[in-house]
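The structure under discussion appears below in the form of structure tokens.
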Amino acid sequence: MTVQMIIALAITALMIVLIMMDRLPFGAPPLLACLLLVIFGITDIKGAFAGFSNSTIIMLAEFMAIIAALQKTNFIILFKKSMFRMAEKGGFKSYMLIILIVMLGCSLFGTGSTAYYVLTIGLLSTLPYSKKLPPSKVIMTAGFAANHPLIPFNTALQYGIVIAVLNAAGIGTNVSVFKFAIVNLFLSAGFLLNCIIQYKFLPDHPIRDTNGEEESAIIDENAPRLPKWKENVTYAVFAFAVIGMLLQSKIGDAGYAMAGLSVAVILVIGVLDFKEIRDAISAPILLMSAGVIGVADALGSTGLTKLVGETVAGMLGGNVNPFVMIFAFCILTSLLATLTGSTIGTVYVFTPLAIATCNSLGLDPTAAACAIVISGWCGHFLPIDGMPAMVLGYGNYSAKEFWMFTVPQYFIRLIALTVGALLMFPM
């Protein structure tokens, strides 16, 4: 391990500790880490703060503004009312129903959709405090549910990567799309299992400062509403922005620009004024998300990912249990994808190593390829990515509360993923 790798790891660890200690303002630790990376010569200023020009961060900021506009529409008001009623009713059934609704929506948007999890967490953060179902129980579970499809049919990206890495290794096997979807379903089932287990252990506290007073779930019926035409335009520009996000892989940066144009329309027609848009796109969560990108890029550029992968593949040797091998590679892939911020890049490093290990053992590598590719989107136990950072920030959780849910979730999901891959694609 080089000196640069050690320094980059130390700075990353310091950033994580500062985030979890919650001693600095939310979003400040990654900025401090970026400065330290420059001071120690790991990267330059441009690289350290590249996150602020990252296309995903720009889209995240754009959707924050769009969501602020959606908050003024009747549809969202009705949605909030239904969520408030479920929260007021409380209990385990309402808890599970909210999670399943979010998972159903994820089926349409696909795994890892920035627009969807930002919309979901943003809306759920408006839930008032209720002793029957505290919002602190909902933000954690439903927030992560936005990454777990209930009906996993929209998995084209992950499926395409599996086929690509297998073909690159000279393996032309026919991978069933249906079986691949079932593997994803095992992952979602593992997530649901953790939600069920932890229902009684999730924290009970308000997610906003209420000065000790219980929040009211009553929505002001006399609050000013948008004219119908402005409301319809808001729906249209939201749909336009979502279409751009979904087509981004085909049309490139134009997909992100479509969301920006949607914000421009919202400003021009007066749904939001400039101050409201400025406040939305300068939320602390954006500082957190943009800052960690520079740290992740610097860590990945040191060559740590490749070094770890080759070392572990050598340690596993030629006589290892298939479950242990796949599970180990899933942990490494998800961990390094979280730390480096490069999910697809990490997947393309570790999956060929696992395929080569399978070939040396005389095993069919399809199960390994499927599980390891999917695992790239299964970190989330560290608040250094968009979704877990939003969950931590909006849910007002302590480090202990956050890890009590996310660490068991991490291992339960990866175990379920490994089991599902081996059942669907026996080795």
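Residues Tyr410 and His380 place their aromatic rings such that the two centres sit no closer than 6.0 Å. You'll find the ring centres of Tyr159 and Phe180 inside the 6.0 Å limit. No close placement of the Phe144 and Phe191 rings is indicated, their centers lying 6.0 Å or farther apart.
In this structure, CG on Leu124 lies 7.0 Å from CD1 on Ile98, to the nearest 0.5 angstrom. Note that CD1 of Ile139 is 12.0 Å distant from CG of Leu202, once rounded to the nearest 0.5 Å. Separating the CE atom in Met140 from the CD1 atom in Ile99 is a distance of 11.5 Å, to the nearest 0.5 Å. Between the NZ atom of Lys72 and the CD1 atom of Ile266 there is a distance of 10.0 Å, given to the nearest 0.5 Å. To the nearest 0.5 Å, the span separating CG on Leu414 from SG on Cys378 amounts to 6.0 Å. Considering CD1 of Ile11 and CG of Leu35, their distance stands at 10.0 Å, rounded to 0.5 Å.
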>> Before you tell me yes or no, could you show the steps for Glu62 and Ser262 under side chain to side chain contact (heavy atoms under 4.5 Å, CB included), namely the whole-Å CA-CA distance, both residues' side-chain angles and the distance that decides it to 0.1 Å?
In response: CA-CA 8 Å; Glu62 292 165 344; Ser262 297; over 6 Å; no
> Does the pair Asp204 and Lys131 meet the rule for a side chain to side chain contact (heavy atoms under 4.5 Å, CB included), with working shown?
Replying inline: CA-CA 8 Å; Asp204 177 356; Lys131 192 68 178 175; 2.9 Å; yes
> Between Leu36 and Leu14, does a side chain to side chain contact (heavy atoms under 4.5 Å, CB included) hold up when you go through it step by step?
Replying inline: CA-CA 10 Å; Leu36 289 174; Leu14 174 64; 3.8 Å; yes
>> For Met96 and Leu192: C-alpha separation, side-chain torsions, deciding distance, then whether side chain to side chain contact (heavy atoms under 4.5 Å, CB included) applies.
In response: CA-CA 9 Å; Met96 288 303 300; Leu192 273 176; 3.6 Å; yes
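Of all heavy-atom pairs between Leu166 and Ala369, the closest is CD2-CB, 3.9 Å. Here the closest non-hydrogen pair linking Cys195 and Phe405 is SG-CZ, 4.1 Å. Counting all heavy atoms, side chain and backbone alike, Ala421 lies closest to Ala371 at CB-CB, 3.8 Å. The minimum heavy-atom distance between Val38 and Ala48, with the atom names listed, is CG2-CB, 3.5 Å. Across Phe425 and Cys370, no two heavy atoms sit closer than the pair CE1-SG, 3.7 Å. Leu37 and Ala8 get closest at one heavy-atom pair: CD2-CA, 4.5 Å.
Side-chain contact between Leu32 and Met15 is absent, with no heavy atoms from C-beta onward closer than 4.5 Å. Counting only heavy atoms from C-beta outward, the side chains of Ile251 and Met258 approach each other to under 4.5 Å. A 4.5 Å side-chain heavy-atom check between Leu417 and Val183 finds at least one atom pair inside the cut-off. In this structure, Phe186 and Leu423 have side chains that are in contact, with non-hydrogen atoms separated by less than 4.5 Å. For the pair His205 and Pro134, the minimum side-chain heavy-atom distance is 4.5 Å or more. Two residues are said to be in side-chain contact when any heavy atoms from C-beta on lie closer than 4.5 Å; Leu193 and Arg413 fail this criterion. Contact check for Thr333 versus Thr351: no side-chain heavy atoms found under the 4.5 Å cut-off. For the pair Pro203/Tyr397, a side-chain contact is recorded, criterion being any heavy-atom separation below 4.5 Å from C-beta on.
Every side chain to side chain donor-acceptor pair (under 3.5 Å) that Lys275 has, sequence neighbours left out, goes to Asp279.
The aromatic rings of Tyr95 and Tyr199 lie tilted to each other, with the angle between the two planes from 30° to 60°. Ring-plane geometry between Phe411 and Phe327 is classed as tilted, the angle between the planes lying from 30 to 60 degrees on a 0 to 90 degree scale.
Around atom CZ of Phe40, no more than 12 heavy atoms belonging to other residues, nucleotides or ligands sit under 6.0 Å away.
A donor-acceptor pair is defined here as one N or O able to donate and one able to accept, closer than 3.5 Å; no such pair exists between the side chain of Gln409 and the backbone of Asn194. Between the Ser94 side chain and the Gly91 main chain, no donor and acceptor come within less than 3.5 Å of each other. Remark: side-chain polar atoms of Gln158 are not paired, donor with acceptor, to backbone N or O of Ser375 under 3.5 angstrom.
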